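Sequence positions, counted from 1, serve as the residue numbers for this chain. Source: prediction; values computed, not measured.
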Amino acid sequence: MLVASAMFALMGSFVKMATEYGASLPQIVLFRGFPSVVVLLIWARAARQSIVPVSWKLHLWRNVAGISSMWLGFFAIAHLPLATATSLNYTAPLFIAAWMLGWGGAQRDPIRILAVALGFAGVIAILRPSINPDQWLAAALGLVAGAASAVAMLQIRQLGRVGEAEWRTVLFFSVGVCLSSAIGLALDGWGLDSWQGYAALVGIGLAGLLGQLTMTRAFGVGSALLTAALQYTTIIFAALLGMGLWGDQLDWLAWAGMGLIIAAGLLSVWRTMRLPAES
């Protein structure tokens, strides 16, 4: 999971680089999804696995939420400091906890209430010192990306409960990502003509694929609680990459906000794992 977190932070860095070298958002989305489609189709063919899904409906809703989250999250990464955008994208467990408290039938226990309060206090702490007036739209969309990711996570849980294989979930999501990018490219055109931009796009695909594979492996064979907790190291890796590559300077309030989001996410994950019947 530590390798996966590092890969996802590196993928975010490549997204910023690709944008700086002129790549459009549809191109970035395409290169994020295409390698996964190729690898998984080759593997399914070699292993003689069926690609027919268990539930088209669940895949549809998972893709609508997940693809929306990806587009919005990449937009935020392109226009915000890397650590700030990554932190906003990782607010999904907080939205899940808030939904459980309000409409999910979960007990209104102090731990869940504390997790939600800490998490959104962290969001406020990050936004106040880190966001310039012209970055508020990107920040708002990054937060919406976190909410959409929460919806996607709930759909993934439902897919698991009906017996859908993880690799088919990833495959159909990646196919949906490619189709959405094709629509964007048809409207926006290709346009990119620099080798640096293409190198960054290849980096997005490779880092994203390695992150996806290692994360799936971690959740498959490791402790679910520890693995879910370690995914928050992506925020730390992103902060280090942002400082090293772009000279991002985060003051103590921004660091405190990141810490609050991580702490809130850990509390939310721990409570959900301890009370599986409610989740």
Atom [atom1] of [X] and atom [atom2] of [Y]: how far apart are they, to the nearest 0.5 Å?
X    : Y    : atom1 : atom2 : answer
I235 : S87  : CD1   : OG    : 4.0 Å
S55  : R62  : OG    : CZ    : 13.5 Å
E166 : L171 : CD    : CG    : 13.5 Å
F8   : Q212 : CZ    : CD    : 5.0 Å
L240 : L82  : CG    : CG    : 10.0 Å
L118 : I262 : CG    : CD1   : 12.5 Å

key: Trace of the side-chain contact (heavy atoms from CB on, under 4.5 Å) decision for M215 with M1   = CA-CA 6 Å; M215 182 181 69; M1 192 61 221; 4.0 Å; yes
query = Can you list the steps and then say if E164 with Q158 is a side-chain contact (heavy atoms from CB on, under 4.5 Å)?
reply = CA-CA 9 Å; E164 184 62 281; Q158 291 298 319; over 6 Å; no
Check: [X] side chain, [Y] main-chain N or O, donor-acceptor pair, under 3.5 Å:
X    : Y    : result
R168 : S50  : yes
S69  : A65  : no
Q27  : L201 : no
S181 : C178 : yes
S68  : V64  : yes
S13  : A9   : yes
N63  : F172 : yes

Report, as yes or no, whether the 6.0 Å neighbourhood of atom [atom1] on [X] holds more than 12 heavy atoms from other residues, nucleotides or ligands.
X    : atom1 : answer
W252 : CH2   : no
I51  : CD1   : no
Y198 : OH    : yes

request  = Using a 4.5 Å cut-off on heavy atoms from C-beta on, say whether the side chain of L40 contacts that of V170.
outcome  = yes
remark   = What one should report as the nearest heavy-atom pair of L192 and G22 is CD1-C, 3.7 Å
ask   = Do M17 and W246 pass the side-chain contact (heavy atoms from CB on, under 4.5 Å) test, and can you show the C-alpha distance, the side-chain angles, and the key distance before you say yes or no?
value = CA-CA 10 Å; M17 289 180 187; W246 287 277; 3.8 Å; yes
key: Verdict with supporting geometry, I77 and K16, side-chain contact (heavy atoms from CB on, under 4.5 Å)   = CA-CA 6 Å; I77 289 174; K16 287 189 74 69; 3.5 Å; yes
query = Hey, mind stepping through Y21 and W195 against ring pair (Phe, Tyr, Trp, His ring centres under 6.0 Å) and telling me if it holds?
reply = CA-CA 9 Å; Y21 286 114; W195 70 265; 7.7 Å; no
